[in-house]
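Below is one structure, written out as C-alpha cells; comments come after it.
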Amino acid sequence: MQCNNAIVTVDLGPRSYDIHVGAGLLDALGPTIRSVCDADQITIVTDKNVAAHYSKRAVESVETAGFSAKTITIPPGESSKSLAMAQRIYDGLAERRRGRRDPIVALGGGVVGDLAGFVAATWMRGVPFVQCPTTTESMIDAGVGGKTAVNHESGKNLIGAFHQPIVVVMDIETARTLEDRDFRAGLAESVKHALISGDDFLQWHEANATRILGRDPSALSELVLRNCRIKADVVQADERESTADEVGRAVLNFGHTAGHAFETLSQGELRHGEAVSLGMVVALALSVSEMGLAADVRRRAELLLEALQLPIRSTADFDIDDVFRAMSQDKKNVANQLRFVLLKGLGDAAWYRTGVCRVVASAIADVIGR
Ligand code: GLY
C-alpha cells in the first residue's frame, strides 16, 4: 500500500500526545503503547462488531510488547454509551484488579471511545487512556481531543470529563471494513472541519470526493491526517472548550445544535454523522440569513454533502416543536437561550444566540420538509 505513516502531535504541555496515522498500524499498537507506558497490564474495550475483525490482532500486538491483556466487549450502538455500561466495565476492572498505572485502550468507534474514555477518566480518579479509532467518524473527530462521555436520558453526552489519551493509533485500513453507510456518515465531520478551517480543505474535498468514497488508501490517509491537524490546532488553542464569548473549541460543534436534536429524535435511525449533515444544512441556512455568509458557500457545502452521499433533507417524520424541545437540552445553551455556532465566512465562526424564533423554525422546516 502506497501510504506513509505519519505523526501529528497534539501539544498540550504535560498532556501532549502523538497521533500515529497509517496503514497496518494495528499490528504496531503494543510497541506504540509501550513507547509511552511502562505498565504490565492492559484492558482493551471494544464492541462486538469491531472485535470480530480486530480484537485478535490488537491483543497479539500488546502481548508481544509485554503487556498482559484482557478484552471487555460491549454491544455495538449508542445505547451502550450509558452509566450502566460504564458500571459493567468498572466491575471488569475491579475483578481483574486493574490499578492506577494500567492503561485502558478504546478499540472502536465513537461510542467505544467515549465510554472507555469516561471509564479511564473516572476509574481510580483517572488512569492512562489509549485511543485506537477504527471508524471514519472517530479518526476524523472523536478519537482526538480528550472528550469522554456517556449519555443521560435527557440528552447526549451530558455526563462526562476531559481526559486526554497518552497516544492515539489510527490504522486507516480498519476503515475499509466499515459498512458503506457508516463510512460515509463519518465524512460529515470532515466537511465540518473543512467549513470551519477555510477554502483550501473544502476545495480538496471537492476535488477528491470520488477517491474518498472509493476508499482510496492515499486519499484516506490524507483525509485523516488533515483532519487530525485541524482538530489538534483547535484543541491546542482551547483544550476544555472554556472561552465564553470567543467560539474557541466550540467551533467543532458547527452543525451539532440541530444535529444532536435530530439524532436524539431519530431514536437510532440516523447515524451521528447523518444527523450532523442535516444540522449543518440548518446552520448554513442560518449563517446566510443571520451572519451574511455568501450563498455560494452554502451551495458548495450542500453539493459536497450530496457528492459524499450524506443527507441534506430528512426522510424521517420530525415535528418542529420536538426539534426545539430537543435543542433546548443542548449543553451550549446559556440562560435558556439556544446557541448555534454559525459561519460569517469559510474558516470564520461566531456564536448566534436566540430563543425559539421564525428564522430558526424556517431553517429547520426546510430540512425536515414541513
Ligand atoms: N467533537 C467535538 C470536540 O471534540 O470538541
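Order of appearance sets the numbers: ligands from 1, and atoms from 1 within every ligand. Start at 1 with the first residue, then count along the sequence.
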Nearest-contact summary for atom 4 (O) of ligand 1 - protein heavy atom, Å: K231 NZ, 2.6 Å

Among protein heavy atoms, which lies nearest atom 2 (C) of ligand 1, and at what distance? L252 CB, 3.7 Å

Parallel, tilted or perpendicular: which one describes the rings of H260 and H272, with boundaries at 30° and 60°? tilted

Would you say the side-chain atoms of Q41 and R98 include a donor-acceptor pair closer than 3.5 Å? yes

Proximal ligand 1 atoms for D141, defined as those under 4.0 Å from one of its heavy atoms: 1 (N)

Are D200 and R226 ion-paired here, with the side-chain N under 4.0 Å from a carboxylate O? yes

Within reach of ligand 1, part of E189 (heavy-atom separation under 4.0 Å): neither

Answer yes or no: does an N/O atom from R249 fall short of 3.5 Å to an N/O atom of ligand 1? yes

Report the residues that fulfil ring pair (Phe, Tyr, Trp, His ring centres under 6.0 Å) with F318, sequence neighbours left out, ordered by chain and then residue number. F262

Side chain or backbone, does K147 bring an N or O within less than 3.5 Å of an N or O on ligand 1? yes

Checking R34 against F67: charged group under 6.0 Å from the ring centre and within 45 degrees of the axis? yes

